[in-house]
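Everything below concerns the one structure shown next.
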2 protein chains.
Amino acid sequence: MQGSSHDDVRRHNLSVVLRLVHRSGAASRSQLTRVTGLNRSTIAALVAELVERGLVVESEPSSTNQVGRPSPIVSVSEQVVALAVNPEIDAVTIGIVGLDGQVHRRVRYPTDQSPSVLEAVNIAAAVIDGMRGELEARFKVVGIGVAVPGLVRAHDGLVRHAPHLGWIDEPLAEMLEAATGYPVLAANDASLGALAERFFGAGKGITDLIYLNGGASGIGGGMIVGGAPAGGIAGYAGEFGHTRVSDSERVDSAGIRGTLEAEVTRRELLEVLGLDGADTDELEQALLASTSPVVRAEVNRQIDHLAVALAGAINILNPQLVVLGGFLAALLAVDADRLRSAVAKHSLDAAFGTVRLSAAELGSNLLMIGAAELAFEGLLDDPAGPPAAGAGAVSA
Amino acid sequence: MQGSSHDDVRRHNLSVVLRLVHRSGAASRSQLTRVTGLNRSTIAALVAELVERGLVVESEPSSTNQVGRPSPIVSVSEQVVALAVNPEIDAVTIGIVGLDGQVHRRVRYPTDQSPSVLEAVNIAAAVIDGMRGELEARFKVVGIGVAVPGLVRAHDGLVRHAPHLGWIDEPLAEMLEAATGYPVLAANDASLGALAERFFGAGKGITDLIYLNGGASGIGGGMIVGGAPAGGIAGYAGEFGHTRVSDSERVDSAGIRGTLEAEVTRRELLEVLGLDGADTDELEQALLASTSPVVRAEVNRQIDHLAVALAGAINILNPQLVVLGGFLAALLAVDADRLRSAVAKHSLDAAFGTVRLSAAELGSNLLMIGAAELAFEGLLDDPAGPPAAGAGAVSA
DNA sequence: CGTGATACGTTGCAGATCGCCACAAATCGA
DNA sequence: TCGATTTGTGGCGATCTGCAACGTATCACG
């Protein structure tokens, strides 16, 4: 319940303009006036301040075949970047992501075994140190966003529980902040995936969506509710994988019986295909190519269970879009009709009638973009706030 | 993506102040300055404008044993009211609800059979016409809020499907608006229940909560996500009753198998108790008094199924609070421990650890308050907007 | 009962931001 | 080349909030 004053207006308007060019890409000043409803002169002043701060760039109007004086194009500065970090079972991935959503660089550092928190932090810090020259010369770094495959407490980046990494109550954000000097934010990987798909992938402009990702280690998810990422009271929201879908005795990674994650697994798909290891694309190709009735039966079984979980979430959340990533997208690709009709069977007509199912679009850059988005959030909220300093700026 | 200007600042600040006295009750001007962070002089001006518009009243400072000049108490005007309408299977209830959340009057108009839309509208309009003298003399009416037991399309108040009333695609809001001359908004009853409990009941000040209500005709629900009521893309969100909780063949009112609403019913509780009809309080008393093992077994069965649905919702939404209303509150009262431990078994530790289960507090006024809240929303968003006119003001 | 301390209301003024308006500039089409 | 159209630019006015100084009501203490 905060009152607002003039500086808040300015802050808000700067934020709106920067968000627009961040999310919708380059736009002319006249487009900005139309979308924001602000006055031409106001937009001019706002853009000038953003240019001043090095956040956006104005460039020559492109030749649109329109009458009237051409309007300069406003686009995001290529210098402003965030660092993205994603620890996994077998690697730590670090990326440099521009404010325009472009992934400038991505380094995957493989590990022999699942890294401890300290190892993950050290790897990330070392890779970032290696990039430091480039970062300081070419970029302004806003901060670091970390996508963690587990439950992360929102406000301080404490990893409550990352089962597949074996992390429990680890102060990841704090450690990485101390090791690099950059401000660090962390969140659940699937929640960030939802964010990324929402702004840069299948869910552009959509205010209510559910994202479910199927990975080697289980099923996670995230949601956008009413235009805002829904994290719940502590940032643990989106755990669709532990939704009950059957009365069976199968147990998931959290020890809960009959859940989506217990019934719908990547491992079992690989087994019936006789594959040992395969990335998501290969898995999808193999599933599409297979004519084996055994494979088909397993796919059907998993689709039917997935449908129950999706229908439940659709009934509760009434989303506009359900985005499926990882091997769940493969299931959709193999038999979208079966999935759709199974979802229809378990959901209310009205809610089902307003929803679309679709596959994720961002592929391997998904988590880099999502994690960077997390780091950009502060800047987007208050472009005139603490300057997006050069490397090594923020104190511990 | 709207820009804001100075009138927006004023609007916002008026809105903040009015919301504060609406939700937290009377407050001194000095309290308002502290909570809003605004300047003393600004609060003085804002309150003066709200007084001018007849929305709030300033009264003599109460004798708080504090040094310093006493600060006038700002409270909501008793004249500002909304009308609440709630059509049910066997009655239409109409109420006058003050901006302070107080229910000034409630009229329950019983019907022989489930009313058609036209009947419900006529009854409501007739009752309101009956009150007209009083309304015009004593009150300023903001509008009408309708709590509908079914799916309601948010933006125009079209009742998509109210199964128990047998309504399909009925333009309820439009009809009632034409019949009464007041602006009408409609929404799902359980969603409004969530809203009411959040502001005036068990969920005061909580930003993430789930509300489930068990009624004679089924189970509905609503949620507050990140501080805002979550309606989904079309206002159909919150249908927890159709969550799958078992593989059984039982079918719910929407024809879906094995759902919460199919397994957990008020009717079956009454049956094992040997009761014919009973209101919620009587049902709870009878359950608490009963020592029959048959009753106990049925209660346990329902609790266990309820727990599955709650756990699923908790995993997905990570709420701070789950509020149970109607006969679900009775189940909680009979064996809270069993429900809690069953929920724990099906949910993630981290999400379960942050959630509380509690019974609804508002009882029979719940839907009146919720529906009124819906009608107040426009005024709270923009206190300086179109005047909360006396009766008969707003054109059709 | 009077005095000082404290907290708050009140008033006038300054600062900041946005909208409006008039004019200039750039483009298209004839 | 000229008019129509669209947009940038710069000055002006309106509005709202914050600030500071002063007035006022209460409490505590002697």
Side-chain angles (χ1 to χ4, degrees), chain A residues 1-18 26-53 56-75 382-385, chain B residues 1-18 26-53 56-75 382-385:
Chain A
M1 274 309 197
Q2 285 276 342
S4 62
S5 61
H6 291 109
D7 339 354
D8 297 315
V9 174
R10 183 62 162 202
R11 188 188 352 265
H12 176 244
N13 286 345
L14 284 172
S15 170
V16 165
V17 171
L18 187 57
S28 72
R29 261 158 66 175
S30 69
Q31 284 178 304
L32 293 176
T33 63
R34 274 191 294 274
V35 176
T36 60
L38 294 170
N39 196 280
R40 289 206 296 264
S41 42
T42 307
I43 288 292
L46 293 170
V47 170
E49 178 166 349
L50 291 175
V51 169
E52 177 87 7
R53 293 179 181 278
V56 305
V57 180
E58 276 190 306
S59 51
E60 289 305 302
S62 64
S63 58
T64 63
N65 289 338
Q66 282 211 327
V67 285
R69 179 173 176 173
S71 192
I73 303 297
V74 181
S75 51
D382 183 11
Chain B
M1 274 310 195
Q2 285 276 342
S4 60
S5 61
H6 31 68
D7 9 340
D8 296 318
V9 173
R10 182 60 161 207
R11 189 187 353 262
H12 176 243
N13 286 345
L14 284 172
S15 169
V16 165
V17 171
L18 187 57
S28 72
R29 261 157 69 175
S30 70
Q31 284 177 304
L32 292 176
T33 63
R34 274 191 295 274
V35 176
T36 59
L38 295 170
N39 195 278
R40 286 208 296 262
S41 45
T42 307
I43 288 291
L46 293 170
V47 170
E49 179 166 348
L50 292 175
V51 169
E52 177 88 7
R53 293 179 181 278
V56 305
V57 179
E58 274 190 307
S59 50
E60 290 304 302
S62 64
S63 59
T64 64
N65 289 339
Q66 282 210 330
V67 285
R69 179 173 176 173
S71 191
I73 304 296
V74 180
S75 51
D382 183 11

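Here is the naming used below: chain letters follow the sequence lines, and residue numbers restart at 1 for every chain.
Looking at every heavy atom in both residues, L32(A) comes nearest to T36(A) through O-OG1, 2.7 Å. R29(B) and V47(B) make their closest contact through CG-CG2, 4.1 Å (heavy atoms, listed as atom of the first residue, atom of the second, distance).
Atom CG in L46(A) sits about 10 Å away from atom C1' in dT17(C), given to the nearest Å. The separation between Q66(A) atom CD and dA4(D) atom C1' is 14 Å, rounded to whole Å. Between the CG atom of L14(A) and the C1' atom of dC18(C) there is a distance of 13 Å, rounded to whole Å. For the pair E58(A) CD and dT7(D) P, the interatomic distance rounds to 15 Å; values are reported in whole Å. Between the CD1 atom of I43(B) and the P atom of dA7(C) there is a distance of 19 Å, given to the nearest Å. For the pair L38(A) CG and dT7(D) P, the interatomic distance rounds to 15 Å; values are reported in whole Å. Counting to the nearest Å, the C1' atom of dG9(C) and the CD atom of E60(B) are 13 Å from each other. Rounded to an integer number of Å, the gap from D8(A) CG to dG15(C) P is 20 Å.
Across the interface with DNA chain C, nearest-nucleotide mapping of R10(A) and G68(A) shows R10(A) to be the residue nearer the 5′ end.
Between the CD atom of E58(A) and the CG atom of L50(A) there is a distance of 9.5 Å, given to the nearest 0.5 Å. Atom CG of D8(A) sits about 11.0 Å away from atom CG of N13(A), to the nearest 0.5 Å.
Checked by atom type and distance alone, the side chain of S30(B) never pairs as donor or acceptor with a backbone atom of S71(B) at under 3.5 Å.
Of the candidates R11(A), R10(A), R53(A), R11(A) is the only one forming a salt bridge (charged side-chain N to carboxylate O under 4.0 Å, His left out) with D382(A). Each of L46(B), L14(B), V16(B) was checked for a side chain to side chain contact (heavy atoms under 4.5 Å, CB included) with P383(B), and the lone residue meeting it is L14(B). When each of V35(A), V17(A), V74(A) is tested with I43(A) by the rule side chain to side chain contact (heavy atoms under 4.5 Å, CB included), just one qualifies, namely V17(A).
You'll find the side chain of H12(B) stays beyond 4.5 Å of the side chain of V9(B), heavy atoms only.
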Detail all sub-3.5 Å separations between protein N/O atoms and N/O atoms belonging to nucleotides 28-30 of chain D.
none

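Across all strands shown, R34(A) has heavy atoms under 4.0 Å from sugar-phosphate atoms exclusively, and none from any base.
One finds no side-chain N or O of N13(A) lying less than 4.0 angstrom from the OP1 or OP2 phosphate oxygen of dT17(C).
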What string of B, S and - do you get for nucleotides 8-13 of chain D, 5' to 3', when a contact is any protein heavy atom under 4.0 Å?
BBB---
